[in-house]
**Student:** 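One structure follows; several queries about it will come next.
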Amino acid sequence: MPELSRSLTRSWSSTLKLPKSTFPARVTPADQAKYLRRCTDELYAWQRRERPADKPFVLHDGPPYANGELHIGHALNKILKDLICRVQLGLGKRVRYVPGWDCHGLPIELKALEAQKGLKDAGGSVSAAVIRKEARALARRTVKEQMKGFRSFAVMGDWENHWKTMDKEFEKRQLGVFREMVDKGLIYRRFKPVYWSPSTGTALAEAELEYKDDHVSTAALVKFPLLSIPSHLAQNPLLQVKDLTAVIWTTTPWTLPANAVIAVHPDLEYTIVQSDTHGHLLVAQSRLQYLEHILKEDLSVIIPSVLGSELADRTTYRPLFKGADAEPQPIIAADFVTADSGSGLVHCAPGHGMEDYEACLSRGITAFAPVDDHGRFTDKAMPSDPTRLSGKSVLDEGNATILEYLESQGHLLSKHRYEHKYPYDWRSKRPIIIRATEQWFADVGDIRESAVKALEDIRFVPASGRQRLENFVKNRSEWCISRQRAWGVPIPALYHRVTGEAVLTKDSVSHIMSVIDERGIDAWWTDDANDPAWIPASLQEASGPGYRRGTDTMDVWFDSGTSWAEIDEPYRDGYPADVYSEGTDQHRGWFQSGLLTFTAHQLAAGQTATRAPFRNLITHGFTLDEEGRKMSKSIGNVLLPQTIMDGTLLPPLKPRKGKKKQTENQGPVYDALGPDALRMWVASSDYTRDVVIGKQVLQTVNTSLHKYRVTFKLLLGALSDFRLDNQVPYNQLQQADRIALKHLSEMILSCQKACENFEFYKAVNALNRWANLEFSAFYMEAIKDRLYTYGENSASRRAAQTTLFHIYRHLQEALAPITPMLVEETWEHTPEAIKSQCEHPLKRVVSTPASEWQDDSLETDYQDLVAVHSVIKNAQETARGKKEMGSSLQSFVHIVLPQGVNNSVFQRSLTELPDIFVVSSVTLGTSGEPIPATIAEAEWQYSEEYELPSGQKGTVYVYTPQADKCPRCWRYVVPESQAEESVCDRCEDVVSELDASGAAKAADSS
């Protein structure tokens, strides 16, 4: 058939109902600020004003640290929280999310010190007042910068009323919680070993440690001369006490100057052996072979077996670093001694070991730690020769000097490199030591059981978080809460100027809080040291030295741990917050400190049934690159959130028309998709594990977002002339429409269930599958002819539009938590006829799909259709390959049904099959019937067997159209006997109706 003229083609096109929409195909950067404000600040304010107060949802912010620029981990954390909040908003809740910041602590203090190098006082240090002023300014600037970044991620929250741990009101609440714990007797001061960071000069809590697996120490086997042994051993003629030594093994030789006892296990068997080189040696029987291996000699057994319980408290030895006139020290029994490491005897220094301290405390042996704040030996380390060790770092030169001295005195049996797990300061990344100092502690032992019990009703995501948090709490007996730093909340203790006795009571804390309320917290450091205003009247002496203010600050985990006190929403069932959500490292940090302080608060208030400060505890992993590596500037794999939003990472999806290929130096290399790109990445990731991000991952995200834009553009275009009173009842929809609504309902129910379970990646998977397969590949292909060529008000077209309207509304609701910017933009371009009768998609309470849509028989019909359609497409591809056809409309289809098939979807929906398969004609036959002659006589034809999900088989024939092409709808349905330029009967009716309508309008206007 000859081609129609261009003018004639245009005239037929003008009669089609082609989609019209103002919705842009690409993100319009100029509009982003407008959409951002609407879907964040304005939406948050609206829901706080309009949503019912009796349906609250509180997500309490685990405060980020106010130090440094935002990284991709920040984006993961904040967007995950926003997804959670927006899902609850969609459920009709009134959301409370007030962002916070952790502002105290060492990293900010060190930056402040760096900035104030030239302001040292006469003593060579920067005053606390100067440090605090600079630190406060640094934190304030960082909060402002980070807040700007967080808001750019389209995170909805009460940003104007954000809180900071350095805010006066926050500090007052924190001190109030501290006072409750003081009054309950949960705060005490003790000289005992704590984790100490020589690199930063302060005590640390367990939560501030990170363990390095490949730390290398110089381990040593050391012998201590025995001075007395049990009488039954001394009577052995082969044994010379003056030649007898106890062998210990240690990875910290630097702690030997503080040695107080040697421990044996009461139930272990010990042996005394003779060495040609080292004399008589006492060692555990189980470690004899190890000792022979180290000494490289066979040892003669003198005393084959003696129990540790026989040695304990009846054996003494001479210390190695206290001089010749030192008192003998005992061998004691302790259960922490093991039979499978070292020598079976343990050197105990109660000033440098937790277990050592406990073992010695019960015997009245005091802790001794001759090491200063910077990890250097003091003069007391070796009284007989102070200069040998004084001033030397215990982790470096001091340790080496200890070993040299032992060797010179004949006490060193062996030394060797030993690689093992060792704690480091998580801020300075330098090794720590254990050192006895005077510190303040919170008694976790008294609240631990209540804290663990409070977790019984908590929902953990992932479930493994429960065991992790419980283990951390169960393994703590106390919490060192004092820090020797200037930037923080003071521990409000007073000390007698002569005796050093500390005063910390409910009344003294209350008095100090009242002064802070009047003068501000910085006055604790800036006021004159003798200012009596800080001292309660009961402690003020008419004459005498009086009291001074302490200089210790609180552990920053105590700061942020008490942040639940910031929540002003009425507690529901005793829980301040519905959700706490942070990285998995916070099981040992903020989750734990929040649980412990809230438990203490409840116990102080007389509550016996305690709650956790959260109902749900949700943890996420860390961000990794596509090779599974942590983000690191040195590796060069760091991805900044802004570069993802502005599109400077990925190649273009397709070349821009009229543009040359861009290079890395020519600016953005893919469409800037704004915060939705970041948000889609977060939502599509299984955050319960470490989360991968990189170019390949983001390309997938980019593709998905473009898919949704295209989908919305199609929907808005198809609905341009639709009004809600055009809706067609469900029972008048076509089979393809009902199948589409069945698929929509399945997708929506899957999304809603996944989101309510905080499994957002499952929701994204369901959305992507539906958009690519069931919507685009099936439904949109099946209804294009109905939408574009049928009469505007035809039942078939309105049925398709009704279905698309349902799809449009539900898709908006499903994407609202994930891509609020995109959803806000769709509302901007929604036809007024629809907008005027619908609520804003970000303000809606999500709707449940109608029950009538969920007809299971429709899935059977769909699967049967797909089975046949895939065979049709295979045959068409063969014909295309041979250039026998182009468009799929350029084919007829004949389906031979399996024997005995009745009432199948093919038979019930025969008139719809051409649209569903996007062909020009479909006919049916049954097995055993002769094939129509038109197939055998066709110019080309292909046949292929198909198999239905039921296992039944039939045959499909695809062959040359037996009619001419309609120039309007392009279907091959015009009888060959008609004129070449004739349209089909259906199109003729539509065009006639349009002509009549046009004539009527012209008459009215005249």
**Student:** Do D737 and Y779 have side-chain atoms, one donor and one acceptor, less than 3.5 Å apart?
**Tutor:** yes

**Student:** For the pair E569 and R48, find out whether any cationic side-chain nitrogen is under 4.0 Å from an anionic carboxylate oxygen.
**Tutor:** yes

**Student:** Is the distance between the ring centroids of W163 and H60 under 6.0 Å?
**Tutor:** yes

**Student:** Under the side-chain hydrogen bond (donor to acceptor under 3.5 Å, both in side chains) test, which residues partner T22, sequence neighbours left out?
**Tutor:** H829

**Student:** Which residues pass the side-chain hydrogen bond (donor to acceptor under 3.5 Å, both in side chains) test with R37, not counting sequence neighbours?
**Tutor:** E42

**Student:** So that I know where these two stand, are H743 and Y862 an aromatic pair - ring centroids less than 6.0 Å apart?
**Tutor:** yes

**Student:** Have a look at V58 and tell me which of R96, R615, Q88 forms a side-chain contact (heavy atoms from CB on, under 4.5 Å) with it.
**Tutor:** R96

**Student:** Just by distance, do the side chain of R459 and the backbone of N616 share a donor-acceptor pair under 3.5 Å?
**Tutor:** no

**Student:** Judged by atom type as modelled, is there a donor-acceptor pair below 3.5 Å linking the side chain of H587 to the main-chain atoms of T584?
**Tutor:** yes

**Student:** Looking at residues at least two apart in the chain, or sitting in another chain, which of them share a ring-ring contact (aromatic ring centres under 6.0 Å, His included) with F758?
**Tutor:** none

**Student:** Suppose we screen for side-chain contact (heavy atoms from CB on, under 4.5 Å). Which residues come up paired with T623, at least two apart in sequence or across chains?
**Tutor:** I72, L76, M631, W681

**Student:** Tell me, please, which residues at least two apart from Q837 pass side-chain contact (heavy atoms from CB on, under 4.5 Å).
**Tutor:** L724

**Student:** Holding to side-chain hydrogen bond (donor to acceptor under 3.5 Å, both in side chains), I want the full list of residues that pass it with D213, two or more places apart in sequence or in another chain.
**Tutor:** none

**Student:** Do T826 and Q812 pair up side chain to side chain, a donor and an acceptor below 3.5 Å, judged on atom types alone?
**Tutor:** yes

